[in-house]
There are 2 protein chains.
Amino acid sequence: MGGEIEVFRSFISKKGLRNTPEREEIIAEIFSDHNHFDVDELYQCLKARGSKISKASIYRNIPLIIECGLIRDAWFEDRHMHYERIYGRGHHCHLRCIRCGKVVEFVDNQLKDIETRVALENDFHVIDHRLDITGYCSKCKTME
Amino acid sequence: MGGEIEVFRSFISKKGLRNTPEREEIIAEIFSDHNHFDVDELYQCLKARGSKISKASIYRNIPLIIECGLIRDAWFEDRHMHYERIYGRGHHCHLRCIRCGKVVEFVDNQLKDIETRVALENDFHVIDHRLDITGYCSKCKTME
DNA sequence: CTCCTATTGCAATTCAATTTCAATAATAAT
DNA sequence: ATTATTATTGAAATTGAATTGCAATAGGAG
């Protein structure tokens with residue numbers, strides 16, 4: 001908690017855009033609970049809270065929220081994109097169960113070394129990476 | 001180079017499905033050239049070769065070609081899925097330039113260690129992983 | 001308070017992906 | 001070979017996530 005609204009507000013102002021209640025509602029909703037989310041989930045939760053926001057506004061704002069570093073694309077599943085909070089959380093990767101959909105996050109410091117070495121070898125300027133490991137979680141692996 | 005048609009044929013037969021010229025055309029096209037591809041690209045190339053195959057058939061067959069291990073999902077970009085050949089090629093990861101779209105493949109053995117350790121720590125049975133590093137390639141990083 | 005224009009909600013649109021359906025053809029059985 | 005069964009196909013219709021056009025609204029600078 002804390003800081004995300006301010007970060008977003010100054011990002012918006014710096015770009016010469018306008019802060020609106022709709023934008024604050026979206027940010028507040030994401031940071032109230034949703035480590036991982038998709039647009040429809042966000043929309044339904046906002047509606048349940050009495051918000052009158054439209055899906056179009058959510059779609060329109062997500063690129064801005066990504067650009068300012070509060071969230072990022074996480075993965076594409078069930079025909080649509082899933083996002084995740086990154087502001088206030090360390091960089092992490094995912095273990096995703098392909099049977100029940102469970103997502104476990106993990107942090108690995110060795111990954112940074114690989115990234116650095118690969119970037120050097122290929123003359124790349126790294127901006128981001130994502131490592132997704134898929135398989136069966138402890139519950140599901142016994143059922144396969 | 002070879003084997004892919006035979007692998008697919010016996011996969012199809014084992015499932016009690018039917019081998020068709022359309023299926024062989026798709027496999028042949030993928031393995032003629034396309035390390036990375038999307039459905040439309042495949043369709044256009046097949047059409048250029050005189051094939052009468054429909055996009056629906058390509059869409060219908062991709063899950064089967066994935067299931068038998070010839071190709072796999074690579075990444076989602078520009079609103080649609082991109083695939084890559086895996087049969088006959090070692091497992092590899094990607095460096096993707098977010099400016100020009102260039103994709104460089106790399107192999108890293110250290111990654112296997114991370115995978116093993118993370119799986120052990122979280123009691124996961126790993127099926128696959130994908131590491132995508134995004135940033136600017138040698139050409140594009142000087143222009144940013 | 002006024003003006004300019006970014007933002008919104010709604011509806012229409014786009015387009016990748018899926019599905020329906022009748023015709024066709026691959027395989028097994030005869 | 002011939003026939004029967006049913007998986008597969010192409011074409012067209014449909015779905016649904018994501019985008020966009022438009023008129024109304026409202027943020028924020030002056």
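Every chain is numbered from 1, with letters handed out A, B, ... down the list of sequences. What you see is a predicted model; the values in this text were computed from it and never measured.
- Looking at heavy-atom distances under 4.0 Å, B:Asn61 makes contact with sugar-phosphate atoms alone, never a base.
- Contact annotation: B:Tyr59 reaches the phosphate of C:dA17 (side-chain N/O to OP1 or OP2, under 4.0 Å).
- With hydrogens and angles ignored, no donor-acceptor pair under 3.5 angstrom links the side chain of B:Arg79 to the base of D:dT19.
- Across all strands shown, B:Lys55 has no heavy atoms under 4.0 Å from either base or sugar-phosphate atoms.
- Picking from D:dT9, D:dA26, C:dC10 the nucleotide with the shortest atom distance to the side chain of A:Ala56 gives C:dC10.
- Listed pair B:Arg60 / D:dT8 fails the phosphate criterion, with no side-chain N or O lying under 4.0 Å from OP1 or OP2.
- If you check every strand for non-hydrogen atoms under 4.0 Å, A:Asn19 touches sugar and phosphate atoms only.
- Rounded to a whole Å, the OH atom of B:Tyr43 is 16 Å from the P atom of C:dC15.
- Within 3.5 Å, no donor on the side chain of B:Arg23 pairs with an acceptor on the base of D:dT8, nor the reverse.
- Per the geometry, CD1 belonging to B:Ile58 stands 13 Å off C1' belonging to C:dA17, to the nearest Å.
- Aromatic rings of A:His80 and A:His82 (six-membered ring for Trp) have centroids within the 6.0 Å cut-off, being under it.
- In this structure, the separation between CZ on B:Arg23 and CZ on B:Arg18 is 10.0 Å, given to the nearest 0.5 Å.
- Within a 6.0 Å sphere centred on NZ of A:Lys55, other residues, nucleotides and ligands contribute more than 12 heavy atoms.
- Under 4.0 Å is where a charged nitrogen must lie from a carboxylate oxygen, and between A:Glu22 and A:Lys52 no such pair does.
- Residue contacts shown for B:Asp78 are absent, as no nucleic acid heavy atom lies under 4.0 Å away.
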